[in-house]
2 protein chains.
Amino acid sequence: MVASVAVTRGMDRDSQAANGLPLAEHHLLAVLGEGPDTGIRPTDLAAASTLTKSGLTRAVDRLESAGLIERRECPSDGRGQLIALTAKGRQVLRRAAPEFFRAIARHFADHLTEPEIETITGVFERIAAAGRA
Amino acid sequence: MVASVAVTRGMDRDSQAANGLPLAEHHLLAVLGEGPDTGIRPTDLAAASTLTKSGLTRAVDRLESAGLIERRECPSDGRGQLIALTAKGRQVLRRAAPEFFRAIARHFADHLTEPEIETITGVFERIAAAGRA
DNA sequence: ACGAGTTAATTGTACCAGCAACTACCAGCC
DNA sequence: GGCTGGTAGTTGCTGGTACAATTAACTCGT
């Protein structure tokens with residue numbers, strides 16, 4: 001718990017310093033950047049992030065006001081929507097990426113050996129998957 | 001990030017269900033339980049927990065109102081104080097401990113093999129120490 | 001084709017956390 | 001001894017998050 005908070009807080013500071021975005025919101029952009037260009041459903045985005053659905057709604061509100069993402073209608077489900085990066089959002093993400101990876105290194109990866117990283121990656125994926133179930 | 005949030009949220013739910021205390025507050029009791037009976041300085045307690053100094057002040061307020069801990073004057077520093085468990089706090093902690101360990105197993109340890117646990121314990125300790133520096 | 005039950009997303013509310021500013025106290029130096 | 005710089009803990013304030021209840025739309029059985 002202490003370690004995870006230390007990493008999260010350090011990353012959050014760096015993220016804010018780099019592009020003014022809290023870590024959670026930067027992470028949303030990153031997830032969107034890896035997804036299809038058509039966008040991602042809010043529920044899926046919440047599951048891939050650290051937010052609940054309600055938290056996601058507010059975060060999307062903020063990012064939309066900032067012009068970094070947009071809500072599109074979902075063609076296959078009238079209730080739903082698709083969240084997608086705008087051109088500006090894509091640009092912000094690309095610009096911030098190098099510093100973001102450096103921050104990961106500084107706060108986390110640099111403390112680990114190569115085999116430790118492999119072990120931990122597997123463990124974290126298993127736990128995240130279990131949390132989703 | 002996703003994995004750590006999953007574990008933390010799961011543990012928090014279980015902690016609240018078990019003794020009505022949020023995970024962060026239960027954790028404070030646990031840290032106090034492992035420390036000397038004379039108590040721990042707030043600054044040290046904050047460093048050993050997931051809270052900042054200001055967050056710790058409020059958490060201590062709540063736990064003190066609940067009668068689980070008490071603030072004592074610090075003999076060696078007139079500004080400072082010593083936070084210590086009350087008898088009631090010790091009792092609550094002892095009663096909740098078994099379920100707390102089961103929760104750790106359920107949400108975290110059961111997903112890992114024995115060597116993975118050893119690796120991760122070392123890594124987390126290193127990172128927590130780096131965060132303290 | 002219609003209704004019951006389910007799921008997607010939002011909103012009202014309450015709470016918790018952090019930052020920055022503040023007060024009180026300590027320590028070291030002249 | 002008194003002054004200067006630093007440390008311990010608290011408080012005003014703001015913002016973010018979750019929970020629970022709500023609205024709208026989908027799905028399946030008949």
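All chains are named by letter (A, B, ...) in the order of the sequence lines, taking the proteins before the strands, and each is independently numbered beginning at 1.
The separation between E73(A) atom CD and dA24(D) atom P is 15 Å, rounded to whole Å. Protein atom CG of D12(B) is 15 Å distant from nucleotide atom P of dC15(C), rounded to whole Å. The nearest whole Å value for the distance from the CZ atom in R79(B) to the P atom in dC25(C) is 10 Å. dG9(D) atom P lies 10 Å from atom CZ of R71(B), rounded to whole Å. Atom CZ of R72(B) and atom P of dG9(D) are 15 Å apart (whole Å). The nearest whole Å value for the distance from the CD atom in Q81(B) to the P atom in dT23(C) is 19 Å. Atom-to-atom, CG of L21(A) to P of dG15(D) comes out at 16 Å; the value is rounded to the nearest Å. When rounded to the nearest whole Å, the span between CG of L23(B) and C1' of dC15(C) equals 16 Å.
Listed by residue number, the members of residues 41-56 of chain B with any heavy atom below 4.0 angstrom from DNA chain D are R41(B), P42(B), T43(B), K53(B), S54(B). Sorted by residue number, the list of members of residues 61-68 of chain A with any non-hydrogen atom under 4.0 Å from DNA chain C is empty.
I83(B) contributes atom CD1, which lies 9.5 Å from atom CG of L63(B) (distance to the nearest 0.5 angstrom). Between atom CD1 of residue I127(A) and atom NE2 of residue H107(B) there is a gap of 11.0 Å, rounded to the nearest 0.5 Å.
In R126(A), the CZ atom is crowded: over 12 heavy atoms of neighbouring residues, nucleotides or ligands sit closer than 6.0 Å.
A 4.5 Å side-chain heavy-atom check between L23(B) and R13(B) finds every atom pair outside the cut-off. For the pair Q81(A) and E73(A), the minimum side-chain heavy-atom distance is 4.5 Å or more. Contact of the M1(A) side chain with the H27(B) side chain is registered, since non-hydrogen atoms from C-beta on lie closer than 4.5 Å. In this structure, the side chains of R95(B) and N19(B) stay at 4.5 Å or more apart for every pair of heavy atoms.
For the residue pair H26(B) / D12(B), no side-chain donor-acceptor distance below 3.5 Å is found, with atom types taken as modelled.
Each of A24(A) and S76(A) lies near DNA chain D, and the nucleotide nearest A24(A) is the one positioned closer to the 5' end. Nearest-nucleotide positions on DNA chain D place E25(A) closer to the 5' end than the other of E25(A) and R13(B).
Among the nucleotides dT11(D), dT17(D), dG9(D), the one closest to the side chain of R58(B) is dT11(D).
In terms of heavy-atom proximity, A59(B) sits nearest to L51(B) at CB-CD1, 3.9 Å.
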